[in-house]
Number of protein chains: 2
Amino acid sequence: MARPAYQAIKDYLVGQIRSGVWKEGDLVPSENDLVRTFGVARMTVNRALRDLSADQVLVRVQGAGTYVGPPVYQSTLVEIRSIADEIRDRGHQHSAVVLVLTKEPDGPGAGFRSVLVHQEDGVPIQVEDRWVNPALAPGYLDQDFTLTTPNEYLVRVAPLERVEYRIEARLPPDQIRHALTMDEGEPCLLLHRRTFSKGQAASVVDLWHPGNRFRFTGHF
Amino acid sequence: MARPAYQAIKDYLVGQIRSGVWKEGDLVPSENDLVRTFGVARMTVNRALRDLSADQVLVRVQGAGTYVGPPVYQSTLVEIRSIADEIRDRGHQHSAVVLVLTKEPDGPGAGFRSVLVHQEDGVPIQVEDRWVNPALAPGYLDQDFTLTTPNEYLVRVAPLERVEYRIEARLPPDQIRHALTMDEGEPCLLLHRRTFSKGQAASVVDLWHPGNRFRFTGHF
DNA sequence: GAGTGGTCTAGACCACAGG
DNA sequence: CTGTGGTCTAGACCACTCC
């Protein structure tokens, strides 16, 4: 089985949303519709819809139908996840612009530094200002971060041992505000995170998000 | 169907882990074991295990088995903890002012409502705007919330089953801003949280915090 | 080879929403 | 009432791991 049927159905649904055929609040085909379209059992369709509902891509109402969910940018705190993955899971296009990628001189703060802007369908959604320990990721500067996010690279080369984070609401510096194309006076949701690997600090990052189109969510 | 079978299985598994009977890395019963134990179809067991795997509570390896995952646990952020406790733990004085404590009329949103301001050494640090399900906490209105926080009362009378939360950076409404003695234009850190108990929504709360003197922190 | 999880089927009954 | 999603069954075949 190359690609499971339920995954094909998910891809189809996400594709319809990504391409703009279905918009927020639209009623999507019912389970029985999709059963006929794809020629599978209802349980298979149900799994696809339930998965996307858990991802908040769709909203299901018993007795009424399944709708396209609101385009809420979200993230989870309990897992270090690539923002690129999250955006793609929501059926949108991720892209990144590298603003800074340098080696900071010796002294306190010595190490690699990168500043990126992550975009969802071309709309800036996160500014990532990162310091990286050269001892743990010596090849950091040679990566193409428009293809692989720093996070994806780091979890690969430096297995995560411990994470500390801090969340604040802050008015952004002008530079950040402009990079996120935010109006003056709009607050940012700032996630400051330090990761440790092999007993050393691996990376310290400030993630700035526009408060009016980003939130962290979770459950337990 | 009071509680779905798959939920009962999830509760059982989570209970074994929370209570320490099973520890990280332990092999949990196979699907066929659980089928026999609970007397349900394998698909039902599969759903329970797949759900917990998606939540990173379990790790599944095809051909090998299902294991208890690493303790990806809620931190102070999502932990339902009394703000009074947190303040006292920091060695400061907690006090609360009750602004609203009423029974909302019938219709959507019917139930109890309370609005409190929590203070740390007399400085307002959190506005708590809460809706409570009367069926789960009938004695809610009779409590003295200057002595016991709503949260402390609720976890006592309605055992926590599930929590959903959302964190945003927002400019506060004027009322909230004044209650927190914040300057105009200062952002708030807003934690929106819904708790469930005995299969029902127990409480929905908006917790507003001044961005310049409050942050969520945690680690794992 | 025996046991595991991954997926799928073709039915079924139920609760709920809407006209 | 019809149509929707929510759940469940009792099988099945497959890919994989481990012995």
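Computed from a predicted structure; not experimentally measured. In what follows, every heavy atom counts, from backbone to side chain, and hydrogens, waters and symmetry copies are set aside. Letters A, B, ... mirror the listed sequences (proteins, then strands); counts begin at 1.
Counting non-hydrogen atoms of neighbouring residues, nucleotides and ligands closer than 6.0 angstrom, the CD atom of B:Gln175 reaches no more than 12 such neighbours.
The residue among B:Tyr6 and A:Asp33 whose nearest nucleotide of DNA chain D is located toward the 5' end is A:Asp33. Residue-to-nucleotide proximity on DNA chain C shows that, of B:Gly65 and A:Val40, the 5′-proximal contact is made by B:Gly65. Along DNA chain D, the nucleotide nearest B:Ala41 and the nucleotide nearest A:Glu31 are compared for position; the residue whose nucleotide lies closer to the 5' end is A:Glu31.
No side-chain donor from either of A:Asn32 and A:Ser30 sits under 3.5 Å from a side-chain acceptor of the other.
Protein atom CZ of A:Arg60 is 14 Å distant from nucleotide atom C1' of C:dA17, rounded to whole Å. The separation between B:Ile9 atom CD1 and C:dG5 atom P is 13 Å, rounded to whole Å. Across the protein-nucleic acid pair, B:Met43 atom CE and C:dG5 atom P stand 15 Å apart, rounded to whole Å. Atom-to-atom, CG of B:Leu34 to P of C:dG3 comes out at 16 Å; the value is rounded to the nearest Å. Across the protein-nucleic acid pair, B:Tyr67 atom OH and D:dT17 atom P stand 11 Å apart, rounded to whole Å. Rounded to whole Å, the distance from CG on A:Leu27 to C1' on D:dG3 is 11 Å. The CG atom of B:Asp51 sits 15 Å away from the C1' atom of C:dG5 (whole-angstrom rounding). For A:Leu58 and D:dT4, the CG to P distance is 16 Å, given to the nearest whole Å.
Listed nucleotides: D:dT9, C:dT4, C:dT7. Nearest to the side chain of B:Asn46: C:dT7. In this structure, the nucleotide among C:dA12, D:dA15, C:dT7 sitting nearest to the side chain of B:Gln62 is D:dA15. Taking only side-chain atoms of A:Pro4, from C-beta outward, the nucleotide of C:dT9, C:dG6, C:dC8 with the closest atom is C:dC8. Nearest to the side chain of B:Asn32, among D:dC8, C:dT4, D:dA10, sits C:dT4. Here D:dT7 is the nucleotide among D:dT7, D:dT4, D:dT9 with the atom lying nearest to any side-chain atom of A:Arg50.
A salt bridge between B:Lys23 and B:Asp26 is absent, with no side-chain N of the basic residue lying under 4.0 Å from a carboxylate O of the acidic one. Comment: A:Arg193 does not engage A:Asp206 in a salt bridge, judged by the lack of any side-chain N to carboxylate O separation of less than 4.0 angstrom. B:Glu31 and B:Arg60 are joined by a salt bridge, as a carboxylate oxygen and a charged side-chain nitrogen come within less than 4.0 angstrom of each other.
Contact annotation: A:Thr66 reaches the phosphate of D:dG5 (side-chain N/O to OP1 or OP2, under 4.0 Å). Between D:dA10 and B:Arg42, no contact under 4.0 Å exists linking OP1 or OP2 to a side-chain N or O. Checking the phosphate oxygens (OP1, OP2) of D:dT4, a side-chain nitrogen or oxygen of A:Ser30 falls inside 4.0 Å. Remark: B:Thr44 is in phosphate contact with D:dT9, judged by side-chain N or O atoms under 4.0 Å from OP1 or OP2.
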